[in-house]
Every structure is written in C-alpha cells, then in structure tokens.
Amino acid sequence: NFVYTLSVTNLGSATAGLVWVTNALPPALTFVSASTDGGQGFCGNAGGIVYCLLGDMPSGSAASVSLTVRASSVGTLTNRAWVFSISGLQDAAPADNTNTQTTVVVGAPRRFGNPSLITVADAAPGVPGRGSLYPSVINVSGVTSALYKATVTVSNLTHDFAKDFDILLVGPQGQNVMLMSDAGASALSGVSLVFDDRSPDPLPSTGVIVSGVYRPSNYGLAADVFP
C-alpha cells in the first residue's frame with residue numbers, strides 16, 4: 001500500500017462553500033481508505049472515483065485528504081484529482097483546481113546469482129589474469145516488466161592485491177558498467193562488496209577495502225583489457 005496526500009488551500013478572498021475533492025484512480029490502483037485531516041467531513045468511493053467533502057473553507061484556510069491505495073501491477077501510474085466548491089462563486093483561477101501525480105510502482109526485489117567459486121589466475125606479460133568461471137553467467141528469468149534498479153553483490157573476495165581486480169557487469173544486449181577497477185592498494189580477505197549506483201561512497205582508490213555498499217568505481221587512466 002501507499003498513500004497520496006491531497007492538499008487544498010483556498011487562495012480566494014471569500015469563503016468557498018461545500019468544498020469537494022474528487023480523485024479518479026487509475027485501473028491498476030485499488031481503493032483502501034480515505035480520510036480528511038482533523039476528522040472534518042467524510043470520504044467515499046464509487047468504482048474507483050474517490051470523493052471527500054471538506055465542508056466550508058474560509059479564505060486562506062487549508063485542508064488535506066489522506067488516500068491509501070494498493071497497486072495491482074508494476075509500472076508508471078498517473079493519478080488525477082480535482083477540487084470544486086458548490087458555493088455559486090466565480091473561481092478566478094480554475095486552472096489550479098486539478099493536479100496529477102505520476103508514481104512508479106516497482107515489484108518486490110528478486111535475487112539472481114551464480115554461487116560457483118571463481119578462481120582468478122595471475123596475469124601474464126601482456127595478458128590479463130582470467131577468472132574461472134569466465135564469464136560468470138547469472139541467468140535472470142521471470143521478469144516481465146521494465147527493470148527499475150539493479151545492485152550487484154560480490155561475496156568473499158580474497159586476493160593479494162585489490163588493484164588487480166577489474167570487474168565488469170555485462171547485460172544481455174551488451175550494456176555494461178565497470179563495477180570495480182584499480183581500486184584499493186592492499187590485500188582482500190573475505191570481503192563482500194555490494195555495488196549500488198545510489199551509494200554515496202566509492203571504493204577507495206588506495207588503502208584497505210572493507211565490506212560495504214559502494215557505487216561502481218573505476219580508477220586509472222589506462223584502458224581496461226578483458227580476455
């Protein structure tokens with residue numbers, strides 16, 4: 001469930017009588033509940049059309065409605081609400097009586113992985129070291145909507161020198177992002193790294209790398225070469 005807050009302010013110079021808020025829910029949203037602030041007025045639902053009576057609103061006063069809904073599918077939803085008064089007064093600015101809100105609904109996180117141990121060989125002159133398995137394939141299935149966010153976890157990373165590691169994530173259509181390259185300057189021992197592009201912290205370019213959540217970090221000026 002999630003909640004919309006519908007805020008109404010009387011910007012006119014006179015009292016607005018019998019103010020109503022109406023909200024037309026998109027098909028993917030199901031009404032759960034609605035209430036006005038302070039318990040004044042009432043709300044109801046008729047086939048996905050939510051209506052709330054706020055009562056009389058003097059000039060400069062404000063009120064709000066809390067609308068709880070449940071999404072039945074993922075994707076981008078557009079919700080529309082409008083307000084009107086049964087007072088007989090002419091509204092000098094009717095354009096601000098309606099508003100829309102776009103919401104991205106995402107599904108619960110799903111985990112996909114490859115639990116196989118990856119052994120990384122030492123590099124030879126002019127030839128980078130190669131992991132075995134290489135590449136390490138992660139099969140993703142059952143995802144029928146657009147991907148909103150992806151994070152990558154590398155577990156139990158152990159090596160004599162962190163800067164030796166170049167880790168590249170490649171998508172099925174060739175999309176790619178360098179998760180880690182030329183980071184740190186010490187040994188790795190049982191370190192688990194989560195890569196999340198929303199993390200405020202990059203991997204350190206020098207020093208010790210400890211387990212944690214980092215944004216992808218690519219250091220060094222030389223091109224990274226993959227077998």
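Values in this document were obtained by computation on a predicted structure and should not be read as measured data. We count residues from 1, following the sequence as given.
Residues Met178 and Leu203 fall into different hydrophobic clusters, defined by Ile, Leu, Val, Met, Phe, Trp and Tyr side chains chained together at heavy-atom separations under 4.5 Å. Both Val152 and Leu193 are members of a single hydrophobic cluster when ILVMFWY side chains are connected at heavy-atom separations under 4.5 Å. One hydrophobic cluster, built from ILVMFWY side chains closer than 4.5 Å, cannot hold both Leu29 and Val3; they sit in different ones. Residue Tyr4 is not grouped with residue Val106 when hydrophobic side chains (ILVMFWY) are merged at heavy-atom distances under 4.5 angstrom, including chains of intermediate members. Note: the hydrophobic cluster containing Val194 does not contain Leu157 (ILVMFWY, side chain heavy atoms under 4.5 Å, direct or indirect links).
Side-chain atoms of Thr102 and Leu77, non-hydrogen and from C-beta on, never get closer than 4.5 Å to each other. Annotation: side chain of Val154 is not in contact with side chain of Ser192 (no heavy-atom distance under 4.5 Å). Side-chain contact check for Phe31 versus Val50: some heavy-atom pair is nearer than 4.5 Å. Contact check for Trp20 versus Val83: no side-chain heavy atoms found under the 4.5 Å cut-off. Taking the side chain as every heavy atom from C-beta outward, Ser205 and Tyr219 approach each other to under 4.5 Å. Residues Val8 and Ser64 are not in side-chain contact: their nearest non-hydrogen atoms beyond the backbone lie 4.5 Å or more apart. Looking at heavy atoms from C-beta onward, Met180 lies out of side-chain contact with Asp166 at the 4.5 angstrom threshold. Residues Thr76 and Thr103 are not in side-chain contact: their nearest non-hydrogen atoms beyond the backbone lie 4.5 Å or more apart.
Atom OG1 of Thr5 sits about 10.0 Å away from atom CD of Gln101, to the nearest 0.5 Å. For the atom pair OH (Tyr134) and CD1 (Ile118), the distance works out to 11.0 Å, reported to the nearest 0.5 Å. With rounding to the nearest 0.5 Å, the separation of CG in Asn1 from CZ in Arg70 is 4.5 Å. The CG atom of Leu6 sits 11.5 Å away from atom CH2 of Trp82, with the distance rounded to the nearest 0.5 Å. Between the OG atom of Ser181 and the NZ atom of Lys163 there is a distance of 9.0 Å, given to the nearest 0.5 Å. Atom CZ of residue Phe161 and atom CG of residue Leu188 lie 10.0 Å apart, to the nearest 0.5 angstrom.
A donor-acceptor pair under 3.5 Å is formed between the side chain of Thr98 and the backbone N or O of Ala81. Without hydrogens or angle criteria, Asn97 side chain to Ala95 main chain gives no donor-acceptor distance under 3.5 Å. Checking side-chain atoms of Arg110 against main-chain N and O of Gly142 turns up a donor-acceptor pair under 3.5 Å. Of the possible donor and acceptor atoms, none in the side chain of Thr9 sits under 3.5 Å from a partner among the backbone N and O of Leu11. The main-chain N or O of Val191 is never found under 3.5 Å from a side-chain atom of Ser211 such that the two would form a donor-acceptor pair. Checked by atom type and distance alone, the side chain of Ser199 pairs as donor or acceptor with a backbone atom of Val213 at under 3.5 Å. For the pair Ser66 (side chain) and Ser35 (backbone), a donor-acceptor distance under 3.5 Å is absent. Distance alone, capped at 3.5 Å, places no donor-acceptor pair between the Asn114 side chain and the Ser136 backbone.
The minimum heavy-atom distance linking Leu179 with Phe195 is given by the pair O-CE2, 3.2 Å. Pairing each heavy atom of Val105 with each of Ser73, the nearest pair is CG1-O, 3.6 Å. Across all their heavy atoms, Gly48 and Asn45 have their closest contact at N-OD1, 3.2 Å. The nearest pair of heavy atoms linking Phe165 to Val120 is CE2-CG2, 3.8 Å. Considering all non-hydrogen atoms of both residues, Ser155 and Thr153 come closest at OG-CG2, 3.7 Å. Among all heavy-atom pairs drawn from Leu53 and Val19, the shortest one is CD1-O, 3.5 Å.
Classification of the Phe42-Tyr51 ring pair by plane angle, with boundaries at 30° and 60°, yields perpendicular.
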Inset, instruction - Decide yes or no on side chain to side chain contact (heavy atoms under 4.5 Å, CB included) for Leu54 and Val65, but give the supporting numbers first. - result: CA-CA 9 Å; Leu54 301 180; Val65 172; 3.9 Å; yes
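Pairs passing the salt bridge (charged side-chain N to carboxylate O under 4.0 Å, His left out) check and including a residue from residues 177-196, sequence neighbours excluded, read Lys149-Asp196.
Screening Asn23, Asn99, Thr100 against Asn79 for a side-chain hydrogen bond (donor to acceptor under 3.5 Å, both in side chains) leaves a single residue, Asn23.
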